[in-house]
There are 4 protein chains.
Amino acid sequence: MLNRVILVGRLTKDPELRYTPSGVAVANFTLAVNRTFSNQQGEREADFINCVVWRKPAENVANYLKKGSLAGVDGRIQTRSYDNNEGRRVFITEVVAESVQFLEPRGASQGQGNAYAGGGAPTGGNDYSRQNQQPDRQSGGFNDDPFANDGKPIDISDDDLPF
Amino acid sequence: MLNRVILVGRLTKDPELRYTPSGVAVANFTLAVNRTFSNQQGEREADFINCVVWRKPAENVANYLKKGSLAGVDGRIQTRSYDNNEGRRVFITEVVAESVQFLEPRGASQGQGNAYAGGGAPTGGNDYSRQNQQPDRQSGGFNDDPFANDGKPIDISDDDLPF
Amino acid sequence: MLNRVILVGRLTKDPELRYTPSGVAVANFTLAVNRTFSNQQGEREADFINCVVWRKPAENVANYLKKGSLAGVDGRIQTRSYDNNEGRRVFITEVVAESVQFLEPRGASQGQGNAYAGGGAPTGGNDYSRQNQQPDRQSGGFNDDPFANDGKPIDISDDDLPF
Amino acid sequence: MLNRVILVGRLTKDPELRYTPSGVAVANFTLAVNRTFSNQQGEREADFINCVVWRKPAENVANYLKKGSLAGVDGRIQTRSYDNNEGRRVFITEVVAESVQFLEPRGASQGQGNAYAGGGAPTGGNDYSRQNQQPDRQSGGFNDDPFANDGKPIDISDDDLPF
DNA sequence: TTTT
DNA sequence: TTTT
């Protein structure tokens with residue numbers, strides 16, 4: 001059973017980094033991928049694709065990507081469901097990134113490299129001087145959004161980990 | 001901006017074939033793609049991925065695939081939203097299949113071939129004797145499901161067509 | 001830097017399984033992937049794509065696939081070069097399979113499952129009764145072919161291993 | 001039969017643009033795709049992958065990409081063979097790009113956009129002011145290389161066109 | 001024959 | 001050197 005997704009697009013917002021109760025890092029972000037064709041009004045639309053990444057690359061994503069960053073994702077489609085606070089079953093389709101590539105060019109602030117789901121920080125002698133950290137990322141407030149983050153460890157059991 | 005998805009899995013149900021008011025064929029189906037790893041309970045889960053295919057290959061899909069068929073999809077992820085009957089905005093993430101490959105083996109009932117979004121029936125001398133048509137496919141009844149089909153032409157304007 | 005290949009096709013011959021001097025399994029096979037379009041003579045041609053797979057999945061490939069088997073490959077393109085016995089530099093472009101999927105259907109002899117480059121035998125309760133082993137696979141004789149196998153451990157240093 | 005390749009890498013040289021006798025544009029280029037893992041010497045190697053693109057996107061590639069440009073390719077693997085001038089059969093494995101994406105960032109000289117094999121120039125209001133044309137690209141001289149270009153229309157029959 |  |  002093959003399940004492979006490759007995306008190149010731009011982050012719609014800063015990534016959200018959270019930790020499971022047992023301390024595993026998870027980052028969520030959305031990629032805007034411009035379509036290569038125009039609709040009947042002659043406009044180029046975009047797809048907004050939710051992505052998740054786990055562990056070390058989650059932290060790299062949080063450190064090196066921000067709103068507007070160009071990034072590549074190699075991963076797979078995951079579907080899951082949960083019951084929302086109205087007792088309604090919500091179905092989610094998202095991309096689990098196995099690796100994330102930083103495509104901001106040489107001159108840009110981000111540096112360039114790879115976040116690999118297999119673990120380990122980006123290699124290759126790049127100087128990731130962490131100038132892009134977003135220290136303050138809680139979204140706060142009441143929220144129906146399954147991607148929302150209230151600053152506390154999220155209620156994801158390690159059973160949800162895909163490995 | 002790259003956006004590419006490749007899937008191999010099995011149809012969870014017979015595909016649903018419909019036509020836009022202007023006569024363009026659309027088929028919807030869901031692929032169950034078994035994961036290649038086990039969860040913490042040692043079970044192999046699956047992802048259930050909604051797919052859409054347009055025009056001639058939609059008709060091929062309806063004719064040659066059915067519940068349980070093994071199929072390959074080459075396409076892209078599409079996101080869209082609509083307001084449901086409670087006035088709530090619903091976000092959809094699905095795969096638009098550009099080509100669908102029929103992977104049922106030689107001995108199986110389906111035949112084997114390719115449905116290409118570019119148009120044209122499967123080629124290659126296969127004898128598609130259409131023994132697998134599902135003539136009666138309306139799901140009927142009240143339904144919140146955006147993929148549901150009441151037998152009438154669906155309310156998709158040609159503006160929704162991605163070409 | 002993204003590098004991803006997905007193929008579904010049929011083995012042109014039985015796979016060749018060999019071992020490095022330090023005992024790491026490697027299998028080579030060629031996939032015939034029929035094109036989905038016809039040439040100007042109206043014929044459907046095929047691409048013949050050389051694939052390599054390492055370690056446990058190499059052994060799975062050798063055990064469960066044979067000439068004509070339908071298989072899926074998820075991997076990456078690798079290029080390398082070597083000097084042949086005439087002192088000429090030869091450039092090779094091949095696919096390193098990270099996972100190989102066995103697509104022979106339920107009724108077929110092979111069973112069905114996944115060979116994962118990450119290691120581990122196919123899971124999922126399939127009964128791989130190994131009726132398809134090819135115990136005797138040496139190709140023998142003088143040979144210019146880098147994929148040839150004379151039955152002895154091949155002269156691949158572990159330095160060639162991509163991990 | 002699935003055959004899909006996605007690459008992101010840098011051009012090793014300026015692309016070579018040629019025309020078939022009947023006037024169809026073809027561009028050849030090589031992408032250096034850095035590997036995401038290190039070898040046993042701790043070095044990051046690269047794969048050098050030959051790509052071909054036809055018609056209008058071939059001209060876009062020639063106009064907007066040059067040595068060092070970051071580009072994405074979505075295409076398929078093609079194998080072919082020809083007899084070289086020593087009467088020896090040479091086998092080629094290369095990537096036929098169906099679309100090429102220009103990933104040089106906003107600030108860079110290239111502009112950004114998409115070259116689509118389906119035809120048509122990059123859309124989206126980008127100002128491609130063509131400041132990057134390479135007017136003088138013949139490689140000249142005697143050459144065994146099937147990618148070489150002597151400035152004359154190349155001897156590719158339209159029969160080689162994959163459509 | 002290789003790119004940053 | 002090619003598979004169904």
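The figures here come from the full heavy-atom set of this structure, side chains too, leaving out hydrogens, waters and symmetry mates. Numbered from 1 within each chain, the chains take letters A, B, ... in sequence-line order.
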[X] side-chain proximity, nearest of [options]:
X	options	value
C:Phe91	E:dT1, E:dT3, F:dT4	E:dT1
C:Arg89	F:dT3, E:dT1, E:dT3	E:dT1
D:Ala46	F:dT1, E:dT3, E:dT1	E:dT3
C:Asn34	E:dT2, F:dT4, F:dT2	F:dT4

Roughly, in whole Å, what's the span from [atom1] in [X] to [atom2] in [N]?
X	N	atom1	atom2	value
D:Arg44	E:dT3	CZ	C1'	13 Å
D:Asn50	E:dT3	CG	P	14 Å
C:Leu11	F:dT3	CG	C1'	8 Å
D:Phe102	E:dT3	CZ	P	21 Å
D:Glu43	E:dT2	CD	P	15 Å
C:Asn3	E:dT3	CG	P	18 Å
C:Asp47	F:dT4	CG	P	17 Å
C:Lys67	F:dT4	NZ	P	6 Å

query: Any side-chain heavy atom of C:Arg80 sitting closer than 4.5 Å to one from C:Glu94?
result: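 A side-chain contact under 4.5 Å exists here.
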field: Note, D:Leu65 side chain near D:Val100 side chain (heavy atom, < 4.5 Å)
entry: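 In short, these two side chains touch, coming nearer than 4.5 Å.
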message: I need the minimum non-hydrogen distance between C:Leu2 and A:Leu7, along with the two atoms involved.
response: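 Here C:Leu2 and A:Leu7 meet closest at CD1-O, 4.4 Å.
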message: According to side-chain contact (heavy atoms from CB on, under 4.5 Å), who are the partners of C:Asp47, at least two apart in sequence or on a separate chain?
response: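 side-chain contact (heavy atoms from CB on, under 4.5 Å) list for C:Asp47, sorted by chain: C:Arg35, C:Ile49, D:Asn3, D:Arg76, D:Gln78, D:Thr79.
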